[in-house]
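Report on the structure given below.
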Amino acid sequence: MLAAEGEDDVEIENNRSLVNLLNASRLREQEKTSSLSTPLLVEVNHLTRMVKTRCGEKKLLDDINFFIEPCEFVAILGSSGAGKSTLLHALSGICPAAEGEIRINGQNLYEEYDRLRSFIGYVPQDDIVHSDLTVEEIFTYASRLRFPAGTSESIITRRVNEVLEEVKITDQRSVSVKNLSGGQRKRVNIGVELLTKPSLLFLDEATSGLDPDLEKAIMELLEELKQKGSTIIMVTHVTANIRMCDKLVFLTREGQLAFFGSPSEALDYFGVKDFVDIYRKLDMEKNPKSWTEEYKRSAVYRKYRNRIRNRRQQIEHAGEGMEKTTAQLSFFEQWKILTMRYIRLLSRDRKNLLILCLQAFIIPLLLVLAFYHSAPTFKYSGYRSQDLEITQQIVAAGKIEEVQQNIQEEKNRRSFMSNCIALMVFTSIWLGTSNAAREIVKERVIYRRERLAGVRVVPYLLSKIGVLSIISLAQMLLLVSIVAYSLALPKFWPNVLAFFLLSLAGGMMGLVISAIASNSDKALSMVPIVLVPQIILSGALVPITYVKPEYIKVVFYLAVSKWGYELVGGDIVNINSRSALQQPFPALSGNFSAHWSILVLFILFLCSMAIIALLYKDRTT
Ligand SMILES: Nc1ncnc2c1ncn2[C@@H]1O[C@H](COP(=O)(O)OP(=O)(O)OP(=O)(O)O)[C@@H](O)[C@H]1O
């Protein structure tokens, strides 16, 4: 009886503090910035997640029910593969569960995700920061991207300074993330999420891999954040400081709820002295489902079931405190911030920039070396078709053999020259592809997190395309300048433009690869799959007029290189008109001006493919 009265007192006290917190949140709403922590009550109802596997459907989460009160520090525990990360993803709305719901202050998270996501911060296992930027730069760019449109730089600077203090990393503000220790890097990751003062902060193994000292420091940091008004929900394997948490969620190895309650209740319930023993019990004793059934018969379960009923009544009006809206950054503003950040990142990686320049320098030099003497080029082509008179004079002088020899030589020159053009076409496409192939995939964790924070696909992709285009233009200027000067290639600017378009098309192929690939290594392995067909199908190795049957030619039409090779060789350089041969080179004769538009269409098509690939990835990861 006494115990029951004591529990009621605690209950009344808890109710009071909840009402106070909710009132405080409304008062704070009246303050200027729209990103203040709002205490939230999270209800998890019948959460179930299934996936299709080769052996049929598999339940990753099975009817999970619990609730989290405002400003609680909650840990999700269970053996490896129990479904902790899956549960965290479902709770944060990153990967919604198929059945069941999450209610935040009474509002359905999955139905109102766009509005509620500004209350949520999520720190995944992997780093969500660029290692080449300094801590301060990371916080500043993240603030610019996440804060509402129109937020002044002074507010951003103030908040950046506050967070640097909060995560105790002010002294390292000018240090690149790659030079920080593991614990400091974790703090930076957490700091990025704190910038918008999320009311709900989800962390996936924030303390894994840290030494005991750093682990404790991170736990203390999270506890401090809780004191300041955030609810912390964390997946962890480390139990050394788990008593700092208010609640523990234990999962069975088959994704069912084995226990929900405070740390001391957990030790009592499982009858152990150490939290590690709970893991052993869950894995060894009983079948997983019976843990859930036993928990539902327990006093702890009844206690929390009654408490949630009271809470529901209290939060009826709590949703009012969540009406804040954040004016999203415009398309152009997002593009500008992402572009500035990308330029800053590239400028930090000087070695990579040097390699990009060297590629565009060494390859044309080799082309010149190979073709300078073997193909003396147009400049030295003494016998032109229009110089028929000269040829006739030579014939009249009885120098037929000399003419035949010259005709053969010209034939060789023309063929060598078309090889040189083909190599330049492949080089431009290849450089574009290799510049871009890793650019999305290498930051996919950051991209995914920023997408959830409101970054749109098109500005993101355009920021990549804009900067990569500048790199491609510089490379093509080098390529064409060196070859055009040394081999006396005519029509400099049309050539630069044509090779730039080809390189851009290559860049788009690289971005499609980068959007599809699951990691950088896979992206690099996919590059030959798109580049080798460009060589085979260009029409430079086998002129398309010789390809039989006719319908096979359609495959050639799908290669960017075919259109580029014909445009540069047939129209711009015009190999045939400079030839002494009476018969034009069939693959490179005719009017190729429509090829300009076709190259542009290729670029637009590939750009759309990259957008679709990114949108598809959003839905499947
Ligand atoms: N998309 C999926 N398709 C099939 N199985 C999946 C999928 N996602 C996760 N799983 C499986 O679901 C189980 C739970 O995965 P989850 O990553 O949530 O476990 P966890 O408890 O976080 O594990 P760990 O502690 O090792 O990180 C694992 O067995 C995993 O292989």
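Start at 1 with the first residue, then count along the sequence. Both counts, for ligands and for their atoms, begin at 1 and track the order of listing.
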Checking side-chain polar atoms at under 3.5 Å, does [X] have a donor or acceptor matched by the opposite partner on [Y]?
X: Asn241; Y: Glu215; result: yes
X: Glu72; Y: Thr231; result: no
X: Ser181; Y: Gln184; result: yes

By side-chain hydrogen bond (donor to acceptor under 3.5 Å, both in side chains), Arg253 pairs with (sequence neighbours left out) none
So does Glu43 get a backbone contact from the side chain of Glu101, meaning a donor-acceptor N/O pair under 3.5 Å? no
Please report whether the ring centroid of Tyr304 lies less than 6.0 Å from that of Phe66. no
List the protein residues in contact with ligand 1, where contact means a heavy-atom separation under 4.0 angstrom. Val51, Lys58, Leu60, Ser79, Ser80, Gly81, Ala82, Gly83, Lys84, Ser85, Thr86, Glu205, His237
